[in-house]
Each structure stands twice: as structure tokens, then as C-alpha cells.
Amino acid sequence: MDKEIEKRVAREINIKKVNTMIGNETIFRGTFVVEGAIRIDGMYEGNIKTKDLVIVGSTGKVKGDIYGETVVIGGAVKGNIFAMKNIVL
């Protein structure tokens with residue numbers, strides 16, 4: 001990844017407040033439509049829609065489509081990823 005994009009995304013993650021989080025030991029099925037940033041560290045099955053930041057942490061597993069401004073993937077995703085700005089793998 002381009003170093004400038006990497007720095008910009010890191011800055012965005014530090015600035016944005018995560019208002020929704022699925023913890024490491026959590027399993028959730030359904031559709032999330034979120035105002036603000038969301039972080040997934042557990043297992044999630046369904047679609048995620050936000051106009052903000054989506055983070056799938058290193059322990060996160062998502063089965064479904066992700067829509068967000070910037071999407072950062074540290075874990076596993078089985079589905080489509082749609083980002084208005086950046087996708088960081």
C-alpha cells in the first residue's frame with residue numbers, strides 16, 4: 001500500500017470515534033446500519049452499512065457485504081467490500 005494512504009488511514013482511525021463494537025467473544029447475525037464508525041472483533045453474519053469507518057480487527061470474521069467510507073480489514077471477510085475512499089488490507 002502507498003505510504004501516504006497508510007498514514008492518512010492511520011490518522012483517520014485515531015481521529016474517528018468507534019461508536020459500535022462487536023467484541024471478540026460475540027457472535028451476531030443481522031444487518032447493521034450504523035451512524036458512525038464500527039469495529040468487528042467477533043463473528044458477524046450479515047451486511048454492514050455506514051458512511052463512516054469500518055474496522056474488522058485481527059480476530060474479526062465477517063460473512064456479508066461491507067459498505068463504508070474507509071474499510072480496514074485485519075481479520076477475515078467473505079463477501080463484497082464497497083468503500084467510498086479506501087480499502088486497507
Side-chain angles (χ1 to χ4, degrees):
M1 174 189 341
D2 182 298
K3 290 288 183 187
E4 186 56 37
I5 292 173
E6 200 171 304
K7 286 179 188 176
R8 192 172 55 226
V9 169
R11 209 171 24 251
E12 244 181 81
I13 291 170
N14 288 332
I15 292 170
K16 303 250 184 200
K17 182 189 247 184
V18 174
N19 75 350
T20 304
M21 183 169 175
I22 296 177
N24 190 27
E25 299 295 320
T26 304
I27 299 171
F28 186 87
R29 290 180 183 90
T31 297
F32 257 122
V33 178
V34 179
E35 290 292 327
I38 180 170
R39 180 178 178 108
I40 310 291
D41 287 325
M43 292 178 60
Y44 180 82
E45 188 174 318
N47 296 331
I48 300 167
K49 296 180 181 181
T50 183
K51 294 178 183 172
D52 212 318
L53 176 67
V54 179
I55 301 169
V56 179
S58 61
T59 59
K61 294 179 181 157
V62 176
K63 184 177 180 183
D65 295 339
I66 299 173
Y67 301 82
E69 180 182 52
T70 297
V71 180
V72 179
I73 306 298
V77 175
K78 186 174 184 178
N80 298 304
I81 301 170
F82 302 93
M84 292 179 278
K85 280 189 177 179
N86 299 307
I87 299 173
V88 180
L89 304 172

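In this text the structure is predicted, and so the values were computed from the model without any measurement.
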How long is the straight-line distance from [atom2] of [Y] back to [atom1] of [X], given to the nearest 0.5 Å?
X   : Y   : atom1 : atom2 : value
E69 : M84 : CD    : CE    : 5.5 Å
I22 : I27 : CD1   : CD1   : 11.0 Å
K61 : K78 : NZ    : NZ    : 12.5 Å

Answer with yes or no whether the hydrophobic clustering places [X] together with [Y]; edges join I, L, V, M, F, W, Y residues whose side-chain heavy atoms lie under 4.5 Å apart.
X   : Y   : answer
Y67 : V88 : no
F82 : V56 : no
L89 : V77 : yes
F32 : I81 : yes

**Request:** Scan residues 33-45 for pairs that pass side chain to side chain donor-acceptor pair (under 3.5 Å), counting only residues two or more places apart or in two chains.
**Result:** R39-D41

**Prompt:** Which heavy atom in I87 sits nearest to a heavy atom in A83, and how many Å separate them?
**Reply:** CG1-CB, 3.5 Å

Going by heavy atoms in the side chains, are [X] and [Y] under 4.5 Å from each other?
X   : Y   : answer
I48 : I40 : yes
V72 : L53 : yes
T20 : T50 : no

**Item:** Option among N47, V54, N80 that satisfies the side chain to side chain contact (heavy atoms under 4.5 Å, CB included) test with I66
**Value:** V54

